[in-house]
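Just below is one structure, and these are the notes that go with it.
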Amino acid sequence: MKTKKELKFDVINAIGIVSEKLENSGFKVKESKKFEENVHSLNNYFGTTEHETWILCAMISYYFDNEGDSLCINDISRFFMAPVMKVMAYKKEIESLLAKCYIKNSKGVNSKTVNLKNDFVLSESLLECVLHNRKIVLDELVEAEPTIFDFVREIGKLCIRRYNKREHSSSMILRQCKIVEEGYESTQFVQDMKVLLPDERYRMFFYIVCSNLLDGDDTILQNTILDIFDKVDFYGNANEFMNEKNCLFENDLIEFTNKETLSEAEVNLSIKGKELFFGENMKLYMKSPKGINIIKPEDIHTKEMFYSRENQEQVDMLRASLEEEKLKAIQERLKKNGMPSGLTVLFHGGPGTGKTETVYQLAKVTGRKIYHIDISSTKSCWFGESEKIIKRVFSEYKQFCKMCRQEKNGKAPILLFNEADGVLAKRKDAMTSTVDQTENTIQNIILEEMEKLDGIMIATTNLAGNLDAAFERRFLFKVKFEQPTIEAKTKIWKSKMDWLSDSVVEHFAQNYDLSGGQIDNVVRKAMMEDVLYGKHPSITKLEDFCKTERLCGERKIGF
């Protein structure tokens, strides 16, 4: 039993019969009974006039013969083997097909008019009905208006077709891309790109990178240069890209994801490029860069900290400053007076004195994420790469701030440079070596970024004496973490090993000059003893742990 949507005649067969007669006919068809019957059936099926049916059958036939390609007025002219002006005489029929949404104008967002520059594509919903011999429901044919994502995908498809057909004319592909772009000139995206990149070749390159990113791919540099640029000057253009000396790099729109050799080189959108293309949705296409660890406040274990009186006052002031309402008020006041609004903090002191843990606990209590930088990841053996990496750290932190602030009850995260003496050490004589020049450049970048910072940056170091003097002024807070006092050590021992008597706790605090981190190590070994042997270690054993915790005495060679 046939359903309501099934038909009594074969639509594809009818289109084939009509198209065969129309092809190369010059619109002069010797009509037969079979031809007339099929045209009549298709008129009723599509709800079209006779000439509208002719045009639509020609377009469907072209679609299948050319593997789903779009078609223009010239393609219709070649199908009928008729002059273009003869095809334009059927302008109203083509516009009627556009109005019915059987076809759409791929080069224009809302274009329902026809001219020589049109590029048509068939409705996918219509083709589904035709292929499955189903009745057409007009409401189902109305598709959402094209977006800039549709636009860049069309540009990308043009390059794929060129590659598949082995067509090597970059000028041809460039002309086709420009035609597609003209249809989207009313969009803010295209208007911005024309101002930013007046040279159409670089605009089209940028569009292709956008299209590939939508498919989750990086863009192969060598192939894309061949697609867009004149083949005669291939190596000139390749050198510009590899040396990052063109407007795409100078405007910070793209970046390398692989730069080993030209044949392996790949690029993608930079943060600025993603922001321009995706707008507020760019966070969906952001990923944490290499060497970055995002620590959420809910993942930080609450830990009781013990400070000297002076340190406690400084930490309390920092904690208060990081409360969201107070931080906003502070930053507004600083901006109003033309002063840097970023909160910059340096924690310095010996190892194990609680510098890093204090950052974690401040993040925990104020509900802020930590954007933790692995210092080693900012160093590269490639000339010029380290400077780009450090710039990227700050640009991505800036974007991460935006993303965090857009969340419900969102707050700026803490940018943490742990063991920062690796990048903040005293500057060298620039004439000494290329490495020294690179380190000086990195420090200049950091100094400049600290002036512009609109968030929170905390750096920790064990070697404050190695820091360059220029950084002293840039850090608003400079907190020195001393070895804990006897009173503080007593509290640490008691909080971590409450099964010890007060007299034993005092004994350890007075006789072993250990930092909080070293006491932690002793406690961990005590826990291991408890697990292994089912009982707390003896006082003598704990004393052995304390003695071995300090690496002191004469250095021995060998084992």
Side-chain angles (χ1 to χ4, degrees), residues 239-246 249-257 259-260 270-272 289-293 339-349 351 355-356 359 371-401 414-480:
N239 271 308
E240 275 192 0
F241 273 93
M242 291 300 287
N243 294 321
E244 303 181 28
K245 296 296 185 183
N246 61 42
F249 287 103
E250 288 164 0
N251 285 298
D252 192 25
L253 297 177
I254 65 172
E255 62 187 14
F256 279 101
T257 53
K259 197 185 177 183
E260 297 295 321
S270 65
I271 293 175
K272 182 179 176 182
K290 183 180 177 182
I292 303 298
N293 183 22
M339 302 175 77
S341 62
L343 193 62
T344 52
V345 183
L346 177 68
F347 287 167
H348 62 99
K355 301 181 296 299
T356 303
V359 180
Y371 197 73
H372 187 186
I373 308 301
D374 175 7
I375 296 298
S376 63
S377 71
T378 65
K379 304 292 184 69
S380 171
C381 61
W382 299 104
F383 180 74
E385 285 299 306
S386 295
E387 296 94 314
K388 292 173 192 171
I389 292 170
I390 205 70
K391 283 182 180 178
R392 185 178 175 87
V393 164
F394 282 97
S395 61
E396 296 205 358
Y397 171 70
K398 182 180 178 182
Q399 291 301 328
F400 189 57
C401 280
I414 295 170
L415 173 61
L416 172 59
F417 280 92
N418 214 10
E419 299 180 6
D421 42 280
V423 288
L424 307 184
K426 289 177 181 177
R427 280 179 280 190
K428 313 287 196 312
D429 181 352
M431 300 301 292
T432 305
S433 69
T434 302
V435 174
D436 292 341
Q437 291 176 26
T438 297
E439 290 184 355
N440 289 350
T441 303
I442 288 173
Q443 290 179 354
N444 289 335
I445 292 169
I446 296 174
L447 287 167
E448 183 182 344
E449 293 293 344
M450 288 176 74
E451 290 286 343
K452 301 186 296 183
L453 189 75
D454 190 36
I456 304 155
M457 173 181 165
I458 303 181
T460 71
T461 178
N462 300 334
L463 304 168
N466 287 355
L467 262 60
D468 192 88
F471 286 101
E472 289 185 18
R473 180 175 64 84
R474 300 311 200 281
F475 284 110
L476 182 61
F477 287 91
K478 292 174 276 289
V479 183
K480 183 176 183 180

Q) Which pair of non-hydrogen atoms, one from Leu453 and one from Ser341, has the smallest distance, and what is that distance? A) O-OG, 3.8 Å
Q: Write down the atom of Lys272, the atom of Asn251, and the distance for their closest heavy-atom approach.
A: NZ-O, 3.1 Å
Q | Polar side-chain atom of Thr461 near backbone of Glu419 as donor-acceptor pair, under 3.5 Å | A | no
Q) What's the spacing between Leu415 CG and Lys398 NZ if we round to 0.5 Å? A) 14.0 Å
Q | Minimum heavy-atom distance Phe471-Met450, with the two atoms named | A | CD2-SD, 3.9 Å
(Q) I'd like to know if Glu449 and Arg474 make a salt bridge, using a cut-off of under 4.0 Å between side-chain N and carboxylate O. (A) no
(Q) Looking at Glu255 and Lys391, is there a salt bridge between them, counting it only when a charged N and a carboxylate O are closer than 4.0 Å? (A) no
Q: Drop me the distance from Leu416's CG to Met457's CE, to the nearest 0.5 angstrom.
A: 9.5 Å
Q) Which atom pair, heavy atoms only, marks the closest approach of Ile271 to Gln399? A) CG2-CG, 2.9 Å
Q. How far does CD1 of Ile254 sit from OG of Ser270, to the nearest 0.5 angstrom?
A. 8.0 Å
Q: Rounded to the nearest 0.5 Å, what's the gap from CG on Leu346 to CZ on Phe477? Could you check?
A: 12.5 Å
(Q) Just checking Lys480: does its NZ atom have more than 12 heavy atoms from other residues, nucleotides or ligands closer to it than 6.0 angstrom? (A) no
Q.
If I take atom OH from residue Tyr371 and atom CZ from residue Phe400, how far apart are they, to the nearest 0.5 angstrom?
A. 7.0 Å
Q: To the nearest 0.5 Å, tell me how far Ile456 CD1 sits from Leu476 CG.
A: 12.0 Å
Q. Looking at Phe249 and Phe241, what are the two nearest heavy atoms and their distance?
A. CE1-O, 3.5 Å
(Q) Between Thr460 and Thr356 (side chain of the first, backbone of the second, donor and acceptor by atom type, cut-off under 3.5 Å), is there such a pair? (A) no
Q. Hey, mind stepping through Phe417 and Val393 against side-chain contact (heavy atoms from CB on, under 4.5 Å) and telling me if it holds?
A. CA-CA 11 Å; Phe417 280 92; Val393 164; 4.2 Å; yes
Q) Which atoms form the tightest heavy-atom contact between Gly349 and Lys355, and what is the distance? A) O-NZ, 3.3 Å
